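Below you'll find the structure, written out as structure tokens, and then a few comments.
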Amino acid sequence: MSGKSKPTKLQGPKGTRDLYPTEVLKRRYIQNAWRDASLRCGFDEIEGPTFESTELYSVKSGEGILGELFQAYSGKSPNEVEQVQKTGRAPYALRPEFTPTLARMYAAHAKQLPRPCKWFTAGPYFRAERPQRGRLREFLQWNVDFLSDNNTPDGRAQADTETMLCCIAALENLGLTHNDCKLVAGHRGAMEHLARIQGISEERSQKWMQLIDSRPKMSREKFIDHALSQGFSEQDVAELEYTLQSLSILPPHEAATRLVDFMTQKMSVTIDKTASGIMQDIGTELESIIYRMSTQVPEEWFKLDLYIVRGLAYYTGTVFEALADGERAVAGGGRYDNLIELMGGPPTPAVGFAMGDVVLGNLLEDKGLMPEGAELMEAAARPQASIRPEAFVVPNGDEDNEPLVHTLVANLRRGVENEDWLSRGNRKPWHADRYRVRPLHARVSYKSTRNLGKLRADAEKQHAKFFVEIHADNKVEITDMDKRESITSDTHGSFHVDPSAENYVGRALSALC
RNA sequence: GUGGCCAUAGUUCAGUCGGUAGAACGCCUGGUUGUGAUCCAGGAGGUCGCGGGUUCAAGUCCCGUUGGUCACCCCA
């Protein structure tokens, strides 16, 4: 420094944040909620590098992402520098999203990884966009992905449901209710078929999906203008509206069946039989999702809205968003059955979503759900969810028990809130007396077997602490996997699946763990 | 990438028609009071984001630039 010229004050780069002690705690509070939710839902934490080869993003992403990459190079070799100057493309890029890394990581070890593979990760991401409300150039994002090999309609539905429930679990952890925010799902696959029926070609489909995606943002007049400008006709829009409007007034499960009836009918006369077979599968899948959601979360949380298609090209099935008034989407995701293969991995159906800390933080502040002062310090240091699975729930014999497994697991993961806390006007999610039965890390087996020995082996492989069998009459038996002994009804009474029951199994488990 | 608004003390903001700087809170010092909470007195702290221009004179008007913010585009 030359003495004469005074040092200029350096500002942080555009779109970045400096986090002082209080903000760090607020962010930790959010991260903890994410981690807790994913752990309890049986997802394992992974981490990838924060920068990747630029190539990784060009494979799948196309212009959209490439224009907004922060690029990097080491500067160690002259030809590297030359290449950057020539092509304008550096060999590395700060990651703008996690999915390509996930695909890469999965592909590299696909053969030795357990199936299904349930992974989550939270960390910083970078996009060279113009910052605005809810969007910065560096932000924290939580990614949750469910990769499986079960490609039946019901298998997909189970993965979709679990993934969406994990998203809801985090929102609930943070004190958000279905009055603040909802999970709204559509189905890209169904909409693609609908487009085919309408005579919209596969080449124009991506444009059509982006158009549909934009519908909620504008008036009908503007929407039609927009459609015309994209090369679609007023007739196209009218057909779309006719189909979807008649469905939107129906309860979700009826809407799903009606949609399928409508499309298979159309297809049987117009196109081919395999298409109508696929449509049947989509119908089964949608019905299963709707049924599963209805048994695992209060129904107000979940809405079907086929206008939700999301802009990204690679979605193939269910797509969903967590939506709150006055904010951009809090979370978004969907099923991407072809992407892993596209990235050089084995064919792997998958579903996942991402949630950023910026919009979520805005929402929490607006709703008065961000703790401050002493409460913030305590809230940010709350005990974390158990990494080790606390309960491994299986049905015993009776087929009728199987739906109960999912309901019980959902309840164990959610915990039971105290009456006192619930009836208190100024209750906050971080208050110590929130739970009567704390949320637990609960897992299920994805094996198709009913053989108890094999299920027990599965539980052992996952290092579960307690093995939970559901018997007839909603009675539950618990086995301590470490001590290899049954917790008998003599010492603890017989346990029940009903959270309101005095001998609720979750209460026993939370005491034991 | 396009457009609107904004930038003055540590913070939140006033600042009229162009006449070289103000409040509140916070901070520091002293005093009162049964704590460190109240009240009183005093004090420190500003190249008005940065760079040009117009003018006798610019926080104020003009141009540029950087940053913030909001909307569009886009959404991983």
Side-chain angles (χ1 to χ4, degrees), chain A residues 4-18 20 22-23 48 50-52 54 56-70 88 93-104 121-145 167 186 188 206-207 209-219 222-223 225-226 229-230 308-316 319-323 326-336 338-340 342-343 350-360 362:
Chain A
K4 271 188 202 165
S5 66
K6 71 177 135 200
T8 43
K9 259 186 205 165
L10 284 181
Q11 298 169 303
K14 182 204 287 246
T16 61
R17 295 168 286 186
D18 293 333
Y20 293 89
T22 301
E23 286 95 72
T50 47
F51 68 97
E52 289 273 8
T54 307
L56 184 71
Y57 301 111
S58 10
V59 174
K60 159 218 121 180
S61 316
E63 294 74 51
I65 277 189
L66 287 179
E68 284 165 354
L69 283 182
F70 274 112
L94 302 186
R95 61 179 182 188
E97 56 164 330
F98 186 68
T99 314
T101 303
L102 174 95
R104 190 177 61 68
T121 185
Y125 293 83
F126 312 86
R127 295 174 194 168
E129 291 181 297
R130 189 136 176 201
Q132 58 183 279
R133 183 173 174 82
R135 178 192 284 174
L136 296 171
R137 289 182 152 195
E138 181 186 22
F139 52 93
L140 224 58
Q141 197 173 72
W142 174 43
N143 276 260
V144 177
D145 292 274
C167 179
R188 175 67 76 85
Q206 172 65 12
K207 274 229 157 13
M209 291 302 145
Q210 282 175 352
L211 180 77
I212 296 174
D213 192 47
S214 73
R215 176 66 244 261
K217 280 192 276 186
M218 48 186 84
S219 67
K222 255 187 114 181
F223 180 64
D225 282 350
H226 190 43
S229 78
Q230 297 291 309
I308 304 274
V309 292
R310 297 189 60 75
L312 239 69
Y314 58 65
Y315 289 124
T316 54
V319 283
F320 59 94
E321 294 177 344
L323 298 175
E327 299 284 354
R328 60 182 72 238
V330 179
R335 175 160 284 279
Y336 49 98
N338 304 325
L339 188 61
I340 307 264
L342 208 92
M343 304 286 309
V351 58
F353 70 90
M355 185 185 292
D357 73 312
V358 186
V359 176
L360 180 63
N362 285 342

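If you're wondering where the values come from, they're calculated on a predicted model, not measured in any experiment. Letters go in sequence order (proteins before strands), and every chain restarts at 1.
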Just to be sure I understand the geometry, which residues of residues 126-136 of chain A put a non-hydrogen atom under 4.0 Å away from RNA chain B? Arg127(A), Glu129(A), Arg130(A), Gln132(A), Arg133(A), Arg135(A)

Decide yes or no for [X] and [Y]: does some side-chain heavy atom of the first lie under 4.5 Å from some side-chain heavy atom of the second?
| X | Y | answer |
| --- | --- | --- |
| Gln210(A) | Gln230(A) | no |
| Leu102(A) | Asn143(A) | no |
| Val319(A) | Met209(A) | no |
| Val358(A) | Arg135(A) | no |

Who are the ring-ring contact (aromatic ring centres under 6.0 Å, His included) partners of Phe70(A), not counting sequence neighbours? none

Could you state the atom-to-atom distance from [atom1] of [X] to [atom2] of [N] in whole Å?
| X | N | atom1 | atom2 | value |
| --- | --- | --- | --- | --- |
| Arg328(A) | U69(B) | CZ | P | 12 Å |
| Phe70(A) | A76(B) | CZ | P | 19 Å |
| Lys14(A) | C50(B) | NZ | P | 19 Å |
| Asp225(A) | C72(B) | CG | C1' | 16 Å |
| Glu327(A) | A71(B) | CD | C1' | 15 Å |
| Met209(A) | C74(B) | CE | P | 16 Å |

Take atom [atom1] in [N] and the same atom in [M], then report the distance between them in whole Å.
| N | M | atom1 | value |
| --- | --- | --- | --- |
| C70(B) | U35(B) | C1' | 48 Å |
| A9(B) | U47(B) | C1' | 14 Å |
| G3(B) | C63(B) | P | 14 Å |
| G19(B) | U2(B) | P | 36 Å |
| C56(B) | C48(B) | P | 22 Å |

Under 3.5 Å donor-acceptor, Thr16(A) side chain and Glu138(A) backbone: no

So does Glu129(A) get a backbone contact from the side chain of Arg137(A), meaning a donor-acceptor N/O pair under 3.5 Å? yes

Extract the stems that RNA chain B is part of, considering only consecutive pairing runs of at least three Watson-Crick or G-U wobble pairs, both distances under 3.5 Å. B:1-7 with B:66-72, B:10-13 with B:22-25, B:27-31 with B:39-43, B:49-53 with B:61-65

Looking at Glu68(A) and A76(B), is any side-chain donor or acceptor paired with a base atom of the opposite kind under 3.5 Å? yes

Arg95(A) and Gln141(A): side chain donor to acceptor below 3.5 Å: no

Less than 4.0 Å between a side-chain N and a carboxylate O, is that true for Arg133(A) and Glu327(A)? yes

Base, sugar-phosphate alone, or nothing: which one does Phe139(A) contact when heavy atoms must sit under 4.0 Å apart? nothing

At 4.0 Å (heavy atoms only), tell me whether Gly333(A) reaches a base, stays on the sugar-phosphate, or touches nothing. nothing

